Amino acid sequence: MIILLLAVHILIAVSLVGVVLLQKSEGGALGMGGGGMSGFMTGRSTANLLTRATAILAAAFMTTSVLLVVMHNRERAPRSILEQGVPAAPAIPAAPQPTAPAAPPAPPAEPAPPSAPLAR
């Protein structure tokens, strides 16, 4: 179902781009969009048709976008805690094995007796 809706969504998007590009430019940006009455579609009724088609295609595009998101999230959402089952217990690392106590430290060595003074 999602694949069919995605195909319709893509067709609507391509159609929307085409209808927007067919409309006459109002601002005259970069010198395009003029040309007088010899265009492909002329007249006031044609402008109304293109405007209405743009609005309908934009509404259909937004609707299919929302439907795609809802359908995708419905597949991923957990149903309930009871339906999920018992979660797997995380692996607990083994406790370190006790080792024999270390030998007590050796007592400090006796300091060496002072040596004879140095002769000058």
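Starting from 1, each residue takes its place in the sequence as its number. This one's a predicted model, so the numbers in the text were calculated from it and none came from an experiment.
- When the shell of 6.0 Å around CE of M71 is examined, it contains more than 12 heavy atoms from other residues, nucleotides or ligands.
- V19 and A53 make their closest contact through CG1-CB, 4.2 Å (heavy atoms, listed as atom of the first residue, atom of the second, distance).
- In terms of heavy-atom proximity, A59 sits nearest to T63 at O-OG1, 2.8 Å.
- Residues Q23 and L50 share a closest heavy-atom pair of NE2-O, 3.3 Å.
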*Mind running side chain to side chain contact (heavy atoms under 4.5 Å, CB included) on L68 and H72 for me, showing each step along the way?*
CA-CA 6 Å; L68 281 169; H72 178 71; over 6 Å; no
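- Screening L4, V8, I3, I10 against L6 for a side chain to side chain contact (heavy atoms under 4.5 Å, CB included) leaves a single residue, I10.
- Shown here for T64 and H9, the closest heavy-atom pair between the two residues is OG1-ND1, 2.6 Å.
- The line from CD1 of I12 to CZ of F61 is 8.5 Å long, rounded to the nearest 0.5 Å.
- Note that the CG atom of L67 and the CD1 atom of I2 stand 10.5 Å from one another [nearest 0.5 Å].
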